Amino acid sequence: MGKDTIANIITSIRNADMNRKGMVRIPSTNITENIVKILLREGFIENIRKHRESNKDFWVLTLRHRRNRKGPYKNKTIFNLKRISRPGLRIYSNYQQIPRILGGMGIVILSTSRGIMTDREARLQGIGGEILCYIW
């Protein structure tokens, strides 16, 4: 089995959010760096910092939480993440057919020929690519 770093990132963030953890530590790669910067820019996470431990780099993400979260975690998460394209089944889209999540409230992260970007940026530039994940 190969590694799917994007799925690992998404799962780590989702699990930390459901368990009300304030911080998540994920391994640092170029793809990870781009996705984390998009999450920070779009306001899904509060802060990022790079941490080096025993010759390996990690990103430490500070998650954004609601203040009045009580009861079980069901339907109480701040945001939802869903992996779309995966190593076994790649999903591509041109810029005209990029889906809109919740009527534009959510974002789609794409891997294009000009780097990893959101659906809004891809539509403005008129390029499509591989749909990595949905965030809403």
Side-chain angles (χ1 to χ4, degrees):
M1 276 275 164
K3 296 181 188 176
D4 187 5
T5 57
I6 299 170
N8 292 341
I9 294 166
I10 290 171
T11 302
S12 297
I13 293 171
R14 185 185 310 121
N15 288 343
D17 187 44
M18 286 192 303
N19 291 323
R20 300 179 185 171
K21 302 286 183 191
M23 296 185 154
V24 179
R25 195 177 92 168
I26 56 175
S28 177
T29 62
N30 290 335
I31 294 172
T32 306
E33 180 179 356
N34 292 328
I35 291 174
V36 164
K37 286 181 180 178
I38 288 174
L39 289 174
L40 179 67
R41 189 175 63 228
E42 295 290 327
F44 289 105
I45 58 177
E46 285 184 12
N47 191 14
I48 59 172
R49 65 183 168 89
K50 202 163 194 177
H51 179 70
R52 187 171 188 87
E53 186 175 300
S54 66
N55 248 356
K56 293 182 181 177
D57 289 332
F58 294 95
W59 286 105
V60 179
L61 312 177
T62 305
L63 299 179
R64 179 164 297 198
H65 287 287
R66 285 187 218 159
R67 295 177 194 254
N68 299 331
R69 285 176 53 172
K70 295 179 182 173
Y73 65 85
K74 193 173 185 178
N75 296 329
K76 298 278 187 180
T77 57
I78 297 303
F79 55 95
N80 295 311
L81 300 108
K82 184 176 181 186
R83 177 79 158 118
I84 301 302
S85 184
R86 50 193 173 89
L89 178 65
R90 303 286 185 186
I91 306 294
Y92 297 94
S93 176
N94 62 14
Y95 78 96
Q96 297 163 338
Q97 296 175 340
I98 297 173
R100 294 185 192 274
I101 306 303
L102 294 178
M105 297 288 290
I107 63 170
V108 178
I109 296 180
L110 298 154
S111 175
T112 66
S113 59
R114 297 183 191 156
I116 295 178
M117 62 181 65
T118 64
D119 56 338
R120 291 180 207 108
E121 296 167 347
R123 282 190 199 98
L124 286 174
Q125 294 183 14
I127 55 175
E130 180 183 356
I131 300 175
L132 298 178
C133 60
Y134 295 159
I135 302 171
W136 71 95

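Quick caveat: nothing in here was measured; it's all calculated off a predicted structure.
- Side-chain atoms of Arg14 come within 3.5 Å of backbone atoms of Leu81 as a donor-acceptor pair (strictly under, hydrogens ignored).
- Here the shortest heavy-atom pairing between Val108 and Pro99 reads CG2-O, 3.5 Å.
- Side-chain N/O atoms of Ser85 and Glu130 include a donor and acceptor closer than 3.5 Å.
- Side-chain heavy atoms closer than 4.5 Å link hydrophobic residues (I, L, V, M, F, W, Y) into clusters, and following such links, possibly through other members, connects Ile13 to Ile31.
- In terms of modelled atom types and a separation under 3.5 Å, the side chain of Thr32 and the main chain of Ser28 share no donor-acceptor contact.
- A single hydrophobic cluster is not seen to contain both Leu40 and Met117; linkage of ILVMFWY side chains at heavy-atom distances under 4.5 Å, directly or through other members, places them apart.
- Heavy atoms of other residues, nucleotides or ligands lying less than 6.0 angstrom from CZ of Arg41 number more than 12.
- Arg120 contributes a side-chain N or O that, together with a main-chain N or O of Gly104, makes up a donor-acceptor pair within less than 3.5 Å.
- Judged by distance alone, with hydrogens and angles left aside, the side-chain atoms of Glu121 form a donor-acceptor pair with the main-chain N or O of Thr118 at under 3.5 Å.
- Note on Glu42 versus Lys37: no salt bridge recorded, every NZ/NE/NH1/NH2 to OD/OE distance being 4.0 Å or above.
- A salt bridge links Glu53 and Arg25; the closest N-O separation between the charged side-chain nitrogens and carboxylate oxygens is under 4.0 Å.
- Between the side chain of Arg83 and the backbone N or O of Leu132 there is at least one donor-acceptor pair closer than 3.5 Å.
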